[in-house]
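Read the structure below first, then the notes.
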Amino acid sequence: MTTSAEKRAETIRPEARRALLAWYDDNARTLAWRIGPSDRSGSGPDPYRVWLSEVMLQQTTTGHAAPYFERFTTRWPTVTALAAAEDAELMGAWAGLGYYARARNLLACARAVAGEHRGVFPDTEVGLRALPGVGAYTAAAVAAIAFDRPANVVDGNVERVMARLFAVETPLPRGKPELTRLAGRMVGEDRPGDWAQALMDLGATVCRPRQPLCGVCPVADWCEGRASGRPEQFPVKAPKVKKPRRRGIAWVMLDREGRVALAQRPNKGLLGGMAGLPTSDWGDAPAETPPTEGDWLEAGSIDHVFTHFALTLEVRAARGIVERGASNQWADVETAIAILPTVFCKALARGLAALDEG
Ligand code: SF4
């Protein structure tokens with residue numbers, strides 16, 4: 001059944017598309033991974049760079065992703081080069097981007113492209129979706145941006161624009177399918193890659209989460225959210241459910257040379273395969289059992305929020321550890337900070353500060 005909003009999308013589509021694409025021609029953001037509308041002289045976008053940027057951008061903002069993108073493409077300029085990276089090397093380079101399962105999937109996908117597709121990305125949504133770790137969003141984004149396929153690319157920015165353009169009252173996340181259908185009605189055969197990027201740019205720079213700039217918006221004439229006088233109320237959000245809290249203890253141990261003990265996380269599960277600090281289990285009542293004998297100092301605690309729970313880590317710190325423990329690796333503090341995920345960097349900083357004060 002076609003809803004009234006979908007019928008409206010069909011009606012406004014030709015003019016709204018023309019207006020947004022014209023706006024994109026003049027206002028496209030300059031991004032390291034993008035071939036913008038003013039730079040069509042050379043070859044098209046490199047699917048490897050598009051794919052890598054899209055995976056990174058699912059974790060973070062363009063500003064935070066940009067230096068990671070530069071480092072990755074300097075170190076691994078092609079998908080074949082990335083496929084040859086050591087797991088630990090890639091995990092280290094990914095540290096700070098979060099959601100480490102994505103880093104493992106990144107490597108699995110690069111190896112599949114290098115091994116099964118001779119280093120060439122499939123050029124359709126279906127072909128891309130068959131690669132390990134490539135979800136519906138990434139497949140659509142790469143198909144549209146790298147191969148100019150009329151794919152429906154819907155990220156948070158696009159959802160917000162659709163929710164406002166059509167004043168969608170269904171709260172998120174329940175409203176997602178409706179927003180995806182509306183975005184699909186607006187896709188066309190003409191410049192699909194630019195259309196996808198134009199919508200993303202509109203959401204990022206004009207139709208911002210707070211204080212949208214409706215006065216300069218190229219689709220303002222057709223926007224029901226704007227007409228309502230309160231565009232910020234869209235997308236409507238369901239009330240937040242409080243995340244459960246887990247507790248744990250992290251052990252910051254320095255040896256006599258000032259090196260810090262690291263413990264490899266198990267491959268499966270949260271932060272799988274990453275370097276970590278030795279910790280207790282994370283639950284309601286963690287066991288206070290130090291990994292080795294030492295003059296342990298109570299160093300306070302840090303908080304960190306994961307997707308499904310919040311974590312409080314009590315930090316214990318000791319220096320001059322002699323009994324080093326067979327399962328630990330040791331690294332100087334700078335190296336540890338470079339490779340540890342954020343939660344452990346926070347705990348390490350807390351432990352080191354307490355040792356300095358103590
Ligand atoms: Fe967003 Fe305002 Fe443009 Fe509507 S008119 S799409 S609310 S910026």
Side-chain angles (χ1 to χ4, degrees), residues 2-31 34 36-38 54 57-58 60-65 136-137 140-141 144-145 150-240:
T2 307
T3 63
S4 58
E6 287 172 68
K7 281 186 195 143
R8 209 176 139 258
E10 295 289 349
T11 309
I12 70 169
R13 190 170 90 140
E15 281 189 81
R17 279 183 58 89
R18 244 191 319 276
L20 183 54
L21 284 167
W23 172 84
Y24 180 68
D25 286 340
D26 294 334
N27 296 281
R29 289 176 294 173
T30 303
L31 301 169
R34 174 179 282 177
S38 60
E54 286 301 333
L57 289 172
Q58 285 170 49
T60 185
T61 60
T62 51
H64 187 61
Y137 169 79
I145 299 170
N152 189 19
V153 186
V154 185
D155 66 359
N157 282 332
V158 177
E159 282 179 353
R160 184 169 59 257
V161 173
M162 292 301 142
R164 290 176 177 172
L165 199 50
F166 298 102
V168 174
E169 298 283 356
T170 318
L172 286 176
R174 197 157 49 82
K176 275 176 183 279
E178 190 177 345
L179 297 175
T180 301
R181 278 198 305 278
L182 286 168
R185 295 275 175 176
M186 300 296 287
V187 171
E189 294 287 337
D190 176 35
R191 301 175 62 188
D194 284 349
W195 173 254
Q197 294 176 95
L199 267 182
M200 291 173 184
D201 282 18
L202 186 75
T205 63
V206 176
C207 195
R208 309 176 303 191
R210 288 190 202 91
Q211 299 178 334
L213 305 173
C214 301
V216 297
C217 176
V219 295
D221 285 353
W222 302 279
C223 182
E224 291 191 330
R226 183 198 190 204
S228 78
R230 290 194 302 128
E232 295 94 340
Q233 72 184 311
F234 303 103
V236 179
K237 294 201 181 76
K240 274 200 173 156

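Counting starts at 1 for both ligands and their atoms, following the listed order. The first residue in the sequence is number 1, and the count goes up from there. For clarity, every value in this text was computed on a predicted model and none was experimentally measured. The figures here come from the full heavy-atom set of this structure, side chains too, leaving out hydrogens, waters and symmetry mates.
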P235 and V168, any side-chain heavy atoms less than 4.5 Å apart: no
Identity and separation of the nearest protein heavy atom to atom 3 (Fe) of ligand 1: C217 SG, 2.3 Å
Sidechain-backbone polar pair: D201 side chain, Y24 backbone, donor-acceptor under 3.5 Å: no
Beyond-backbone contact of R185 with F166, side-chain heavy atoms, under 4.5 angstrom: no
Over 12 foreign heavy atoms within 6.0 Å of CD, E10: yes
Part of C207 with heavy atoms under 4.0 Å of ligand 1, whether side chain, backbone, both or neither: both
Nearest option to atom 2 (Fe) of ligand 1, as decided by whichever heavy atom of A163, A227, C214 sits closest: C214
Identity and distance of the protein heavy atom lying nearest atom 4 (Fe) of ligand 1: C223 SG, 2.3 Å
Check: E159 and K176 side chains under 4.5 Å, non-hydrogen atoms: yes
Structural part of P231 in contact with ligand 1, heavy atom criterion under 4.0 angstrom: side chain
Test side-chain contact (heavy atoms from CB on, under 4.5 Å) applied to C207 and V161, L213, V158, the passing residue: V161
Atoms of ligand 1 close to R164 [distance to a heavy atom under 4.0 angstrom, numbered from 1]: 7 (S)
Interfacing atoms of ligand 1 (cut-off 4.0 Å, heavy-atom, A220): 5 (S)
